[in-house]
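Worksheet for the structure shown next.
Numbered from 1 within each chain, the chains take letters A, B, ... in sequence-line order. Since the model is a prediction, treat every value here as computed from it, not as a measurement.
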Amino acid sequence: MQKEIPKTFESNKREKEIYSLWKNSGFSNPDTMQKYLEEKEIEVKTSFTITLPPPNANGTPHLGHMCGYAFHDAIGRYKRMTGHPTLLLPGKDHAGIQTESVFTKLLESRGQNKFELGREEFYKQCYEFCLTNMNNAREYEQRIGLSADFSREFFTLDPRLTEIVYSTFYKMFEEGFVYRDKRIINQCPNCHTALADIDTEHEERRGIFAYIVYPFVEESDRKKAKELFGVEGITVATTRPETMLGDTAVAVNPKDKRYSQFVGKKVVLPIANREIPVIAEDTTDMELGTGALKVTPAHSPVDFEIGKKHSLPIVNVINEEGKMMGDIPERFVGMGTTECSKALCKELDDLDLLVKIENIKHEVVICERCKSAIEPIISNQWYLNVESLAKRALEALKRGDVSVVPKGQQKALEYFYENIQPWCISRQLWWGQRIPVWYSGGKKLYDWLLENKGKNVSDFEKEFGTKVFGTGKIFLGEQPPKSESGEVWEQETDVFDTWFSSGQWPYTTLGGSDGDDFKKYYPTQMMIHGRDILFWWTARMLMFGLYRTDQIPYPVVMLTGIILAPDGSKMSKSKGNGVEPSEIFDKYGADALRLWYYIDALPGSNSPIREEKIKGNRNFITKIWNASRFILMNIDESELEAVSKNLKINSERIEITKKHVKKVSEYIEKFQFNLGAEEIREFFWHQVCDVWIEEIKSEIKDQPVGSEKRIDGLAELLCILKENLKIMHPFIPFVTEGVWQELVNLGLASGVLMVEQLF
RNA sequence: GGACAAUUAGCUCAGCUGGUUAGAGCACUACAUUCACAUUGUAGGGGUCAUUGGUUCAAAUCCAAUAUUGUCCACCA
């Protein structure tokens, strides 16, 4: 009997020690790993790289984040154990709008607001806020056992990374992919920024459907209308009465017999008292409402298109904050949209122009982050024309250069590429990478000149009655160019959409195409992330990767399952049904949680977290520990040397073990982690423990200490144990390394299990 | 409105390119055991593999339709 070994694997205590052991070994660094292989004269295979998905730096990691890492780590460890210098490159994401929103709320709770702080101070404080979260996140990553190379960790706002992001922007501008444009955008009145289409959601909400009469200008038309419709005008139906102040036409379907005689006639826009035409537009739905559509090009994407087609004027009546403004009666200026809607309905009713109001449910576009209703407004923004980039990515997908697991999601991605629209990449935020552009004479001038082709600076001065100091040109760079003779350069205030930088993650973190790491470790080998960000992230990474490096950044993207609350609903902070990762770690240990992920959180599945199952896995961890303990305790001190020298590897049991290792390896190679995890569990528990240990136990029971039979039996067991520890290690690294180190203490093994090579 | 996926034991799911009595974990039942095992072992119960057709010597597995559920996409005022 050797020294006492605890009866269970004390995960809380041991996991930290073991992680430090790995950290100190340096083998998470692929360069160190390579040296090790060379020294040991093990064939060095191709490098294996994954740039890990960076968690948002604005909060605490949850079980879903952990899940992806469990998979990354398993494959990474397996690769390391099969001769590949392996780089798991970690990072953290500044998560633009989301972090700005979280931090702004935090400021508000302290009775501050961002404008008081000013841009620079806000940025500084937000950075500090993120630092805390990042340290926290890193702790969790290490707790799940992630064998990442933290010496290479990146933050998406790291200047080294930003430099590459900027160079992409410059290149795209020169090549005409990036441009400024004035069009209708999704404005979030709460976040005070423009959003890309993809950053919005649809939700059914209750609303009103108001029927409003727009009287005809001509007396004769009024008469005809009175006869036909019972009112002296054309009745339109709308869910947003407040936008009527910006109406510039009424559209009817040319096939609609009710209205055909009125096409080309004019109606008076009530309250605003403007005359607007009735136009024929074949996209107008005759069945909906009254079949007559009020057209507000400035505040509805559909109407914007109609307006373009019919060259209608654009009248802005709602500003960036969702307040009424512009060329409207004074009493409405500054009102919120709902307030204005009510006020208008009241006035219309008094004028007898409000036919009725129906209460309806309809789809509303909302902000993905704060769930506020989106305000479509006309605005100047930076756009990225992604059409040709998407085409290239789509071709790569179709050729099979890159594939998505599960397969069904690949089709969704293809569809996304096929229907892609220009991407609005500017955000009116402070938290992010400031778009590196300078405007000579001001941004307003630049936009005005773009809009008014053929006009020049003096036309602008005449129009606005101001003097301009500049040429209306722009300059791309982080610092303004030298001013000549009083020229004033105005810096762009907008920042990039967060996905513009995270979309470049795989090569920016490797130092860009000139980086040493890039040359060694790009393209990467795979990507694993949640289904929810497929279009935001992988879609962009493929496009950027092909654009900047002419290579796909990784050939496989695997989407993890979604972890649900115990009752099967989505975990959410607001519902308070989330499960804290630390709770699970404390109770059952990282290995038990990992096993559960491999088996239950498969691509395409939705798994409610089940403590009983994690507990079952914990029992398996205990089983491994005790089986090992039993073997070790059976080796008498006087037998240690003999056993360690007598590792015979020719027995039926060893042959079966070899086959087992091969089988599990194949599962891992095919990303069938569930089958792999089940296999190691089944084999170790029911083959090694229940059968072999029992057999050998009785074989050596009556043998004297030091006898050949004992030594042979124990040596065989030890050999089986070691090979099993190795193949189990990618899945459950802590307990296997823990046992390994016990072996090391007794002189029965050496080094760290993490870099032991599989059969 | 469109796309995609799922539908297998009480629960969560495996079951790859079709082949004898359909599997795992957890839960459940009985017995054994404190032998390394904050337990474990042995044995067991439980499924007409959503429905209906079709292909086939043979289908949970392939095809079609139907139903239900879920996810995503979508400008219907």
Presence of A:N626 side-chain N/O under 4.0 Å of B:A38 phosphate oxygens OP1/OP2: yes
Please list, for nucleotides 62-65 of chain B, all pairs of protein and nucleotide N/O atoms separated by less than 3.5 Å.
none

Short N/O separations, protein against nucleotides 26-35 of chain B, under 3.5 angstrom:
unit_1, atom_1, unit_2, atom_2, d
B:C26, OP1, A:R681, NH2, 3.4

Tell which nucleotide pairs with B:G19, taking only Watson-Crick or G-U wobble pairs whose two distances are both under 3.5 angstrom. B:C57
Watson-Crick/G-U partner (both atom distances under 3.5 Å) of B:A77: none
Kindly indicate whether a cation-pi arrangement holds for A:R206 with A:F209, taking the cut-offs as under 6.0 Å to the six-membered ring centre and within 45° of the axis. no
So if I take every side-chain heavy atom of A:K411 and compare against B:A14, B:C4, B:C37, which nucleotide ends up nearest? B:C4
Which base sits across from B:G46 as a Watson-Crick or G-U pair, both distances under 3.5 Å? none
State yes or no: are the ring centers of A:Y259 and A:F229 separated by less than 6.0 Å? yes
Does A:K623 contact B:C37 through a side-chain donor or acceptor facing the base, at a distance under 3.5 Å? yes
Is A:I631 touching bases, backbone alone, or none of the nucleic acid, heavy atoms closer than 4.0 Å? nothing
B:G41 -> Watson-Crick or G-U wobble partner, both distances under 3.5 Å, gives B:C31
Does a donor on one side chain sit under 3.5 Å from an acceptor on the other, for A:E669 and A:Y78? yes
Side chain A:H202, main chain A:V364, donor-acceptor under 3.5 Å: no
Check this one for me: any side-chain N or O of A:R618 less than 4.0 Å away from OP1 or OP2 of B:U39? yes
Taking CZ from A:F416 and C1' from B:C72, how many angstroms apart are they, rounded to a whole number? 12 Å
Assign A:T284 to base, sugar-phosphate, or nothing according to its heavy-atom contacts below 4.0 angstrom with the strands shown. base
What pairs of residues pass the ring pair (Phe, Tyr, Trp, His ring centres under 6.0 Å) test when at least one of them lies in residues 677-702 of chain A, not counting sequence neighbours? A:F620-A:W685, A:H660-A:F683, A:F683-A:W692
Can you name the one residue among A:V263, A:I279, A:D282 that meets side-chain contact (heavy atoms from CB on, under 4.5 Å) with A:P254? A:D282
Pairing check on B:C26: which nucleotide meets the Watson-Crick or G-U wobble criteria with it, both distances under 3.5 Å? B:G10
Taking any strand in view, what nucleotide pairs with B:A5 in a Watson-Crick or G-U wobble way, both distances under 3.5 Å? B:U69
Over 60° means perpendicular and under 30° means parallel, so tell me whether A:F673 and A:F731 are parallel, tilted or perpendicular. perpendicular
From the options B:A74, B:G41, B:A36, select the nucleotide whose nearest atom is closest to the side chain of A:E363. B:A74
Between A:N617 and A:D591, do the side chains contain an N or O donor and an N or O acceptor separated by less than 3.5 Å? no
d(CD, A:E678; P, B:C16) in whole Å: 13 Å
Of the options B:C73, B:U42, B:A77, whose atoms approach the side-chain atoms of A:F535 most closely? B:C73
Look at the side chain of A:R531 and decide which nucleotide, out of B:U71, B:A77, B:A36, has an atom nearest to it. B:U71
Under 3.5 Å donor-acceptor pair, A:E694 side-chain atoms to B:A36 base atoms: yes
